A.B. asks: 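Mind looking over this structure? Questions follow.
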Amino acid sequence: MTGRRKGEQAASGAAGTGTVPAVRTAAEGAAGSAQELEVRYNPADIEARWQERWAAQTGLYAAEPADCGKQKYYVLEMLPYPSGQLHMGHVRNYAIGDALARYMWMQGYNVLHPMGWDAFGLPAENAALKNNTPPREWTRSNIAAMKRQFIRLGMAFDWSTEVTTCLPDYYRWNQWFFLRMYERGLAYRRKSKVNWCPACATVLANEQVVDGCCWRHEDQRVEQRDIEQWFLRITNYAQELLDDLRTMDGWPEKVRTMQRNWIGRSEGAEIAFDIENPEDAPADEGKARRGGTAILPARDGAKTWGKVSVFTTRVDTIYGATSIQLAPEHPLVRQMAAGNAELAQSVAPLLEQQKQAREAGDVGAIEKHGVFTGYYAINPFNGERLPVWVGNYILLDYGTGAIMSVPAHDERDYEFAKKYGLEIRIVVLPRKVGGEAAQNGERESLLPYTEEDSLLINSGPFSSLGCQEAQHKMAAYAAEHGFGKAMVTYRLKDWGISRQRYWGTPIPMLYCETCGIVPVPESDLPVLLPENVEITQQGGSPLGKVPDFVNAVCPKCGGKARRETDTMDTFVDSSWYFYRYTDAKNDKAPFATETVAYWFPIDQYIGGVEHAILHLIYSRFWTKVMRDLGLVKNNEPVERLFTQGMVIKDGAKMSKNKGNVVSPDDMIARYGADATRMYSLFAAPPDRDLDWQEDGVAGVSRFLGRVYRFAAKHGDPAKRSKVPGTVASAASHALIRKLHQTIRRVTEDFGGRWHFNTDIAAIMELVNTLTAAEPQIAAGDIPDAVLAEILRTLTLLLAPFAPFLACELWEQIGESGNLLRAPWPEFDQALAKEEQIEIPVQINGKLRAVVRVDAEASEDMVRDAALANEKIAALLEGKEVVRMVLVPRKLVNIVIK
RNA sequence: GCCCGGAUGGCGGAAUCGGCAGACGCAGCGGACUUAAAAUCCGCAGGCCGCAAGGCCGUGGGGGUUCAAGUCCCCCUCUGGGCACCA
């Protein structure tokens with residue numbers, strides 16, 4: 001077993017509870033004669049002492065007021081859900097933010113580094129069900145436990161601005177915002193689908209649906225039910241949310257791309273097709289009509305049965321449309337099936353398939369099935385009559401819930417047409433294949449052909465136009481003739497916030513028997529979440545079973561009213577919590593506009609990449625709404641975003657849901673908080689996934705021990721001379737050079753790259769160089785002043801990563817001020833510079849030699865040095881030099897024949 | 001299925017702008033110290049061939065651009081995340 005066990009730490013800790021480092025003689029008997037004293041790095045002891053000292057300093061991590069004269073820096077990590085235990089993903093997230101906060105303090109900024117709890121949510125109700133603990137109690141004790149862990153980890157949070165979303169002083173503002181949005185028409189009510197378990201008689205979260213069945217009733221298939229729910233009109237902001245992504249260059253490109261795709265703007269056209277009355281069909285078409293696989297030619301004077309609008313991004317291919325496909329839930333399908341039992345029966349399985357795919361979360365991968373309705377729709381461009389089908393892959397909530405199917409030029413349509421034998425008609429060809437010249441066989445091989453840099457064929461008056469030009473002209477033509485128009489649609493949907501749950505913010509609405517929907521007056525806020533509610537996860541919304549809550553008086557007419565019993569999505573809580581930190585105790589408003597104006601936008605936001613879409617779009621939306629309400633002046637909440645990778649263990653995401661969690665407490669007990677935090681920064685670059693390996697923590701702990709022992713050994717001589725001395729020996733010159741190179745690397749990296757793993761490696765290299773110089777130190781080749789400067793700087797460099805040890809060293813080397821506010825060291829470019837550099841010499845791209853030259857050597861000098869090299873000279877003998885590539889300060893490549 | 005990432009020694013990773021592949025650490029091996037162990041310190045270490053000097057190969061696979069490719073381009077495989085009620 002490597003590493004120290006708890007018992008050992010306790011034993012040695014007891015030996016050194018004072019402020020003097022624990023010093024033990026190596027062995028009792030021989031100790032008298034042994035010169036060396038063994039100094040042991042004991043993180044449990046050091047960290048307990050500093051934790052106590054920090055706890056006694058109130059306001060240690062508090063931000064200063066706006067008029068302090070310093071530049072502000074708001075660094076924020078995503079707030080945790082209080083599950084009960086920090087996991088390693090948390091440790092990593094907060095270690096990154098904490099390092100940055102500490103660095104910015106040392107750079108002299110006024111730093112806001114707050115913390116809070118995303119305290120509403122489903123797990124509290126699950127826990128209530130399992131342990132019969134009220135969600136409030138469960139959450140409260142989890143918060144207490146996790147707060148202890150944060151403090152044990154030495155995280156520099158200002159707890160005076162702590163925000164807990166399940167408390168009325170926070171969630172009342174959710175309600176307040178909801179009312180503001182309702183007034184502005186941004187909150188509305190409509191029917192939408194939920195997962196329904198008939199056995200529980202309640203709504204299930206997606207997470208509670210396992211393979212299409214209820215998590216508590218394995219054999220009970222989950223149904224989709226339509227219920228009335230509240231929505232926020234995020235789609236009103238779709239274009240702005242999209243446009244602003246262009247300006248957000250402090251965000252990772254991948255997140256911007258994901259959001260761009262999520263918003264999914266597509267430009268196209270909406271085209272209305274008349275549907276022919278089937279009873280009006282000519283008798284001689286009976287046979288052709290039956291299968292619904294063929295297009296029927298245009299005919300005059302057909303009577304209209306109905307109309308269907310389709311949205312297409314490729315109106316230019318409309319002459320290639322060979323069917324119309326409707327979503328199974330499309331209202332027209334219901335009408336068609338009304339007097340047609342056979343159709344109703346065949347549509348039912350399509351509906352079912354789509355539901356199941358939706359539950360399984362792979363709607364896109366659905367095995368395509370379809371049914372012909374018996375109806376035909378008239379293509380307004382050429383009068384042709386297209387069979388109308390119902391397809392299980394058509395979704396009602398995207399576009400118009402109906403498409404024109406163009407098999408030749410759309411992959412999904414192609415697949416469907418092949419399967420059901422529908423016609424495939426080519427109307428677009430590549431420019432080079434072009435026109436009528438190409439043979440049909442050759443054309444077939446191109447299908448489905450979707451390139452837009454192409455030409456139209458067989459498209460009436462639009463033939464031979466380019467696709468894009470045709471799209472504009474055809475949309476204009478449709479508008480002119482009144483059957484369509486150019487249109488923009490978004491994939492983004494309005495945000496459904498109703499949850500049929502207990503542990504969330506009550507939605508402040510009332511339903512009056514006479515007045516209808518009535519908002520709760522602002523003066524009645526907060527609508528308090530009742531206590532002592534039995535959590536059964538059965539029989540509908542828990543609040544619906546609390547008569548005192550449900551029964552209310554209509555504020556308009558004084559009559560009987562029923563309170564809304566749904567609560568809000570917890571994403572509402574996390575959409576604006578970071579504003580509350582700036583003014584956490586305000587009981588008149590969610591926050592003061594001027595205070596927010598000082599602190600916002602957030603300079604650096606740090607969190608898991610799994611939040612790249614939902615949380616980060618909702619909170620952008622919320623900011624824009626608040627701006628329009630006049631509450632904030634910023635358009636966006638976050639200036640710079642950093643998405644950390646996940647912590648992986650044994651190939652799977654480490655998370656509370658997957659049960660492969662490594663306990664930080666265990667790591668801290670064995671290796672200390674510094675080593676645990678530092679390992680989480682050292683094991684991988686922060687934006688990549690991190691594979692947790694306990695041996696690595698032990699390695700970091702060993703490194704910290706080496707630093708500790710070096711300082712213990714040399715701290716005293718360093719104390720004796722704090723005046724920076726002149727560089728005497730070559731050895732001390734080399735140490736100073738390494739020191740300044742290290743400062744440069746770490747400082748530059750904090751500037752934006754954030755590869756803390758390489759910074760820590762650089763600090764390790766510095767320490768390796770130092771310990772390798774022990775003989776020179778012993779020989780007196782390194783002046784005390786140099787040693788003092790190195791130790792002092794090393795301590796400052798470690799401060800953001802290993803705060804406990806850094807504070808300990810700070811005192812050991814005779815410093816007394818607050819390390820948190822000690823100025824970050826500056827590097828001296830001249831001192832960091834190497835005098836000589838190595839230049840690799842290649843022949844035909846293969847490394848053959850390395851030459852040492854002066855760092856300032858000219859091109860000619862480098863060339864001469866390369867050619868003068870024995871090995872190079874030998875290899876060049878008798879060869880013709882075709883070319884010589886000289887890259888200043890990098891390499892020489894000699895190309896020979 | 002769609003969208004976004006990733007793949008480098010036995011392992012985690014480094015190489016920041018196309019310029020010495022493998023920094024730093026882990027595990028391993030050898031040595032020092034010790035009665036012994038732990039701890040600590042020193043050294044070795046991509047693969048293959050070779051006593052050595054040295055040579056060849058090598059960044060998931062295949063192709064391409066270039067004096068030069070882990071890095072740029074095209075195609076493919078595997079793998080992680082998200083997909084709107086987990087947070």
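Computed from a prediction, not measured in an experiment: that's the story for all the values here. So you know, we letter chains A, B, ... as the sequences are listed, proteins then strands, and number each from 1.
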A.B. asks: Tell me the partner of U77(B), counting only Watson-Crick (N1-N3 plus N6-O4 or O6-N4) or G-U wobble (N1-O2 and O6-N3) with both under 3.5 Å; none if nothing fits.
C.D. replies: A7(B)
A.B. asks: Reading RNA chain B from 5' onward, which residue's closest nucleotide shows up sooner: D494(A) or E765(A)?
C.D. replies: E765(A)
A.B. asks: For A37(B) and G58(B), measure between their C1' atoms and round to the nearest Å.
C.D. replies: 41 Å
A.B. asks: Is it the case that the side chains of N768(A) and R706(A) hold a donor-acceptor pair, with the cut-off being a distance below 3.5 Å and no angle test?
C.D. replies: yes
A.B. asks: If the P atom of G70(B) is compared with that of U65(B), how far apart are they to the nearest Å?
C.D. replies: 16 Å
A.B. asks: Which value, in whole Å, describes the distance between the C1' atoms of nucleotides G43(B) and C33(B)?
C.D. replies: 15 Å
A.B. asks: K871(A) has an atom NZ; how far is it from atom P of A53(B), in whole Å?
C.D. replies: 12 Å
A.B. asks: Does the base of C85(B) carry an N or O that pairs as donor and acceptor with the side chain of R501(A) under 3.5 Å?
C.D. replies: yes
A.B. asks: For each nucleotide in nucleotides 14-21 of chain B, reading 5' to 3', give B when a protein heavy atom comes within less than 4.0 Å of its base, S when such contact involves only the sugar-phosphate, and - otherwise.
C.D. replies: SSB--BB-
A.B. asks: I'd like the C1' distance from C78(B) over to U8(B), given in whole Å.
C.D. replies: 16 Å
A.B. asks: Expressed in whole Å, how much space separates the P atoms belonging to A23(B) and C72(B)?
C.D. replies: 23 Å
A.B. asks: Does Y671(A) have its ring centroid less than 6.0 Å away from the ring centroid of Y679(A)?
C.D. replies: no
A.B. asks: Report the residue (Y679(A) or T257(A)) whose heavy-atom-nearest nucleotide on RNA chain B is the more 5′ of the two.
C.D. replies: T257(A)
A.B. asks: Measuring only the C1' atom in each nucleotide, how far is U71(B) from A14(B)? A whole number of Å is fine.
C.D. replies: 13 Å
